[in-house]
Amino acid sequence: MAAVTMLMVNKFAVQALPYPIILVLAQNSVTLVVVLATGLYCGRGHKNFGFRVSLTAEVVRIWFPAMCLFITMLCSSLFAMKTISVPSVLVFRALTPLVTSSIAVPVLGHRPTRSEWGSLLLIVIGAFCYLGTDPQVSPQGYVWMTVNLFAASTYVVYVKRSINYLRPTTNDLMLFNNLLSIPLLVILVPVFDNPAACLRQLPLVTSLQWIPIMLSLFCAGFIAFTGFLLQAAVHPTTTVIINHLTKVFSFVMGAILFKKSFGASMVVGALITLAGTIWYS
């Protein structure tokens, strides 16, 4: 539910306040507060929600590339949502396993099986069927989603390699990302956003528009924890099924809330992409 809500409210939030860097800065700040509160409550010795790895200069050096990819991933997603629909974002994101596998081969030495490559090919076919016939195509939005795709894939691979070396807890990972990202986001705000214009627009945001903005802050602070707790509480197969149900629900809700119309080839493409992701999982 947190994942579905985050996707929907981000779309509404960036429409109400079209300043993606400022939104990400606010979300990361709230997440940092949640991480610190959870760590203090659970204590240093907690295996999942405690703090195990100290933030030394060496850790900052190792984690800095991951933090940059993390910021790029979050900001590019919001920039894309300014011009393309939620269903299109979901279909485009389905290409992530293909790019991730391509990067993991030389970096981690992972060799996908024939079945994995087959499922990835099916995802690509479905994505092209959908995106190639999207009547609301936005070159700018798709450029941002391409940036998001490669940033997210590289982030996953880099974090996997860094985890093998640092052995951090979940709270450590979230602390590294959100604490280190805030200074860089502050620098990026005047470059990509207009702080003065944002301040002028704040009084113009209606009470109804503030709801998705505040929900995006709330979801950003808790989505990682809910995902982790789900994986700890249920069988991996159940997690996979829930993740795919989430995609379907997000797709349908995005179409309803944002009045997205679909042609026959777009529906077929979306179904093929979903089938490929299920096969890959």
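For F51, there are no ring-ring contact (aromatic ring centres under 6.0 Å, His included) partners, not counting sequence neighbours. With sequence neighbours excluded, no residue forms a side chain to side chain donor-acceptor pair (under 3.5 Å) with S162. Residues that satisfy the side chain to side chain donor-acceptor pair (under 3.5 Å) test with Q140, not counting sequence neighbours, are absent from this structure. Remark: F218 engages F222 in a ring-ring contact (aromatic ring centres under 6.0 Å, His included) (not counting sequence neighbours). S115 pairs by the side chain to side chain donor-acceptor pair (under 3.5 Å) definition with W279, not counting sequence neighbours. By the salt bridge (Lys or Arg N to Asp or Glu O under 4.0 Å) test, R114 pairs with no residue at all, sequence neighbours left out. Residues meeting the side chain to side chain donor-acceptor pair (under 3.5 Å) test with T154, sequence neighbours left out: none.
With a 4.5 Å cut-off on side-chain heavy atoms, F150 and L69 do not count as touching. Two residues are said to be in side-chain contact when any heavy atoms from C-beta on lie closer than 4.5 Å; W144 and T83 fail this criterion. Residues V147 and T72 have side chains in contact (heavy-atom distance under 4.5 Å, counting atoms from C-beta outward). Put simply, the side chain of L202 reaches to within 4.5 Å of the side chain of W210, judged on heavy atoms. At least one side-chain heavy atom of W63 sits under 4.5 Å from a side-chain heavy atom of V159. M81 has its side chain out of reach of P20: every pair of non-hydrogen atoms, C-beta onward, lies at least 4.5 Å apart. The closest side-chain heavy-atom distance from D172 to F176 is below 4.5 Å.
Residues V143 and F79 do not share a hydrophobic cluster, clusters being chains of Ile/Leu/Val/Met/Phe/Trp/Tyr side chains in contact below 4.5 Å. Residues M214 and V14 share a hydrophobic cluster, clusters being chains of Ile/Leu/Val/Met/Phe/Trp/Tyr side chains in contact below 4.5 Å. Hydrophobic clustering of Ile, Leu, Val, Met, Phe, Trp and Tyr side chains at less than 4.5 Å, counting indirect connections, unites Y165 with M67. Under a hydrophobic clustering in which Ile, Leu, Val, Met, Phe, Trp and Tyr are joined whenever their side-chain heavy atoms come within less than 4.5 Å, directly or via other members, V9 and L208 fall into the same cluster. If you chain together hydrophobic residues whose side chains sit under 4.5 Å apart, L215 and V33 never meet in one group.
Put simply, the side chain of Q209 never gets that close to the backbone of Q15: no donor and acceptor are under 3.5 Å apart. A donor-acceptor pair under 3.5 Å links the side-chain atoms of K11 to the main chain of I84, judged by distance alone. In this structure, T31 contributes its side chain and Q27 its backbone to a donor-acceptor pair below 3.5 Å. Between the side chain of R52 and the backbone N or O of R167, at least one donor-acceptor pair lies under 3.5 Å.
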Result block: side-chain N/O donor-acceptor pairs under 3.5 angstrom for residues 191-199, not counting sequence neighbours:
unit_1, atom_1, unit_2, atom_2, d
D193, OD2, I21, N, 2.9
D193, OD2, I22, N, 2.9
N194, OD1, A196, N, 3.3
N194, OD1, A197, N, 3.1

Under 3.5 Å, side-chain donor or acceptor atoms of residues 178-186 against the rest of the protein: list the pairs with distances, not counting sequence neighbours.
unit_1, atom_1, unit_2, atom_2, d
N178, ND2, M174, O, 2.7
S181, OG, N28, ND2, 2.9
S181, OG, N177, O, 2.9
S181, OG, N178, O, 3.1

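Taking each heavy atom of V30 and L217 in turn, the nearest pair found is CG1-O, 3.5 Å. The shortest non-hydrogen separation linking Y158 to A66 is CD2-CB, 3.6 Å. Here the closest heavy-atom approach between residue Q201 and residue P18 is recorded as NE2-CD, 3.4 Å.
Judged as a salt bridge (charged side-chain N to carboxylate O under 4.0 Å, His left out), not a single pair has a partner in residues 25-36 (not counting sequence neighbours). Applying the salt bridge (charged side-chain N to carboxylate O under 4.0 Å, His left out) definition to pairs two or more places apart or across chains, those involving residues 59-71 are E58-R61.
L121 shares a hydrophobic cluster with I125; the chain of contacts runs through ILVMFWY side chains whose heavy atoms sit under 4.5 Å apart.
Annotation: the span from S153 atom OG to N148 atom CG amounts to 8.5 Å, rounded to 0.5 Å. Here the CG atom belonging to L166 is positioned 4.5 Å from the CD1 atom belonging to I62, to the nearest 0.5 angstrom.
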Practice prompt. Could you walk me through whether L36 and L175 pass side-chain contact (heavy atoms from CB on, under 4.5 Å), step by step?
Written response: CA-CA 8 Å; L36 292 173; L175 178 66; 3.9 Å; yes
